[in-house]
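First comes the structure, then the notes that go with it.
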Amino acid sequence: MSMLLLRGRLLSFLRRPEGAGDAGSYLYDDDGGLLIRGGSIVAMGDFGAISKGIGAGAKVVDHRPHLILPGLIDAHAHMPQMQVIASYGAELLDWLNNYTFPEETRFADPEHAERIAGLFLDELLRHGTTSVAAYCSVHPGSVDALFSAAQARGMRIIAGKVMMDRNAPDGLRDTAESSYDKTRALIARWHGRERLHYAVTPRFAITSTPQQLEAAGTLMREHPGLHMQTHLSENRAEIELSCRLYPQARDYTDIYAHYGLLGPRALLGHCIHLTEREADALSDTGSVAVFCPTSNLFLGSGLFDWQRYGKRDKKLRVAAATDVGGGTNYSMLRTMDEGYKVVALNGEKIDPLSSFWQITRGNAEALSLVSRIGTLEPGSDADVVVLDARATPAMALRMERVETLEEELFLLQTMGDDRAVVETYVAGRAMKGEG
């Protein structure tokens with residue numbers, strides 16, 4: 001197998017930082033080498049030491065003075081919503097009915113699904129994101145399109161067909177039985193194939209009958225290695241309607257608990273308005289609360305309490321995500337910039353080490369995939385992003401006064417976007433500048 005050696009400043013996290021200045025939470029080498037073979041990381045460390053004995057056939061790519069990090073990870077995004085980003089003036093339920101549902105009906109057309117699936121993944125890669133947990137539409141063909149596109153690019157992704165059997169327009173509803181049958185067929189076709197993972201995907205309680213949530217729970221019991229993704233407590237009107245539709249439940253979270261949909265691979269988008277009982281239920285089951293700051297601000301949904309969820313006696317597992325297209329862009333850098341502001345409005349701050357831990361190792365841990373992605377450790381998949389903190393004139397000017405790694409990371413988070421991404425590698429393959 002051919003070998004690739006990347007040279008630059010390496011940064012990889014070992015654990016969640018305990019605050020600013022926590023140097024024990026990460027590995028950093030200011031002249032590092034990352035050796036890649038067969039799509040995996042073979043060695044990480046000092047460039048001089050790594051480069052000895054690699055042989056004349058190895059390709060060396062010098063990315064100095066840029067930072068080399070694990071590829072960024074997006075834990076919640078809607079592939080069919082690319083063309084409704086920047087839709088004006090609605091809160092969640094109106095936004096779904098007026099913009100999202102009409103758009104998703106277009107995915108009955110396989111050619112449209114194929115086109116958007118490819119553009120979606122390419123846009124993520126352009127922004128340095130190498131893995132995503134994605135919602136498709138209700139149409140099985142949209143899942144085929146996204147997994148096919150991911151397979152062609154060599155990406156590790158999680159995705160699934162949305163299940164909806166009520167409170168959605170004609171052309172977007174399935175039934176409890178058909179959603180079970182079609183999801184089961186998609187699992188057999190795609191789950192575990194190369195780097196692909198299936199997620200059982202009931203959109204949310206409002207668009208699923210009890211019979212459909214029971215079918216989703218059955219799928220999870222039949223396939224214990226699957227992820228499950230849905231939405232929880234994003235908007236107060238959503239919470240009220242969900243609880244009216246399921247009057248036997250103690251609260252919104254209890255709806256999903258009743259059908260066996262909570263657990264370590266359960267990814268629950270938003271989780272803004274959780275009660276203490278609900279937060280305890282998520283903590284007790286190891287379920288993941290997914291922070292989508294650009295979407296929460298854009299739709300006026302509320303402020304996710306990132307710091308409190310990590311400090312309470314029963315801590316929550318937390319991920320971060322763009323939520324495209326309720327969110328406003330595809331960049332995990334922009335996501336954490338808005339996340340910083342959300343947390344500041346709650347009276348606290350996210351330090352830059354914690355932000356970059358979150359969008360690399362932290363999200364990998366939340367997705368139960370840290371053995372494969374989210375770090376630069378030997379044995380991990382060679383999903384890598386190269387970032388330039390001097391990518392724009394304004395950033396270069398600010399960098400003249402930057403003295404520490406943490407200041408540089410905060411600059412990247414605050415002013416960075418796709419222009420700061422020099423290169424994105426997927427399984428060792430250059431996908432942006434060189435690709």
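Owing to the predicted nature of the structure, the values given are computational and were not obtained by experimental measurement.
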Report the residue from His139, Arg189, Lys161 that forms a side-chain hydrogen bond (donor to acceptor under 3.5 Å, both in side chains) with Asp144. Arg189
Any sub-3.5 Å donor-acceptor pair from Lys432's side-chain atoms to Val421's backbone N or O? yes
Ionic contact status for Glu276 with Arg308, cut-off 4.0 Å: yes
Are any side-chain N or O atoms of Tyr256 and backbone N or O atoms of Ala205, one a donor and one an acceptor, separated by less than 3.5 Å? yes
Regarding Glu278 and Thr275, do their side chains bring together a donor and an acceptor under 3.5 Å, going by distance alone? yes
Partner of His127 by side chain to side chain contact (heavy atoms under 4.5 Å, CB included), out of Thr335, Thr424, Asp418, Leu333: Asp418
Check whether the side chains of Glu104 and Ser137 place a donor and an acceptor atom closer than 3.5 Å, and report yes or no. no
Do Thr201 side-chain atoms and Ala199 backbone N/O form a donor-acceptor pair below 3.5 Å? yes
Is a donor from one side chain sitting under 3.5 angstrom from an acceptor on the other, for Thr207 and Asn167? no
When the ring planes of Tyr425 and His63 are compared, do they come out parallel, tilted or perpendicular, using 30° and 60° as the limits? perpendicular
Check whether Arg250 reaches the backbone of Arg277 with its side chain - one donor and one acceptor, N or O, closer than 3.5 Å. no
Taking atom types as modelled, find out whether Glu338 and Thr294 have a side-chain donor-acceptor pair closer than 3.5 angstrom. no
Between Ser380 (side chain) and Leu376 (backbone), is there a donor-acceptor pair under 3.5 Å? no
Taking atom types as modelled, is there a side-chain donor on Asn235 or Ser301 under 3.5 Å from an acceptor on the other? no
Looking only at atom types and distance, does a side-chain atom of Ser131 sit under 3.5 Å from a main-chain N or O of Arg156, one as donor and one as acceptor? yes
For residues 362-371, dump all side-chain donor-acceptor pairs below 3.5 Å to protein atoms at least two apart in sequence or in another chain.
from, atom 1, to, atom 2, distance (Å)
Asn363, OD1, Ala320, N, 2.9
Asn363, OD1, Gln358, NE2, 3.0
Asn363, ND2, Ile73, O, 2.7
Asn363, ND2, Ala320, O, 2.9
Glu365, OE2, Arg361, NE, 2.8

Could you walk me through whether Tyr180 and Glu214 pass the side-chain hydrogen bond (donor to acceptor under 3.5 Å, both in side chains) check? CA-CA 10 Å; Tyr180 172 85; Glu214 181 62 47; over 6 Å; no
Gly286 backbone acceptor or donor facing Arg317 side chain under 3.5 Å: yes
Count the heavy atoms belonging to other residues, nucleotides or ligands that lie under 6.0 Å from CD of Gln248, then report whether that count exceeds 12. yes
Is it the case that Ser354 and Asp351 place a side-chain donor and acceptor less than 3.5 Å from each other? yes
Compute both the distance and the angle, then confirm whether Arg16 meets the cation-pi test with Trp306: under 6.0 Å from the six-membered ring centre, within 45 degrees of the axis. yes
Looking just at side-chain N and O atoms, do His231 and Arg203 make a donor-acceptor pair shorter than 3.5 Å? no
Decide salt bridge (charged side-chain N to carboxylate O under 4.0 Å, His left out) for Lys341 and Asp337; before the verdict, give the C-alpha distance in whole Å, the side-chain angles of both, and the deciding distance to 0.1 Å. CA-CA 7 Å; Lys341 299 168 190 175; Asp337 177 45; 3.4 Å; yes
Test applied, side chain to side chain contact (heavy atoms under 4.5 Å, CB included); reference residue, Leu303; option that passes from Ile272, Leu345, Asn296: Leu345
So does Arg372 pair up with Asp383, basic N to acidic O under 4.0 Å? no
State which residue, out of Asp323, Leu299, Leu92, fulfils the side chain to side chain contact (heavy atoms under 4.5 Å, CB included) condition with His270. Asp323
Cationic N near anionic O, under 4.0 Å, Glu348 to Lys311: yes
Looking just at side-chain N and O atoms, do Asp174 and Gln212 make a donor-acceptor pair shorter than 3.5 Å? yes
Quick one: do the Tyr28 and Arg9 side chains pair a donor with an acceptor below 3.5 Å? yes
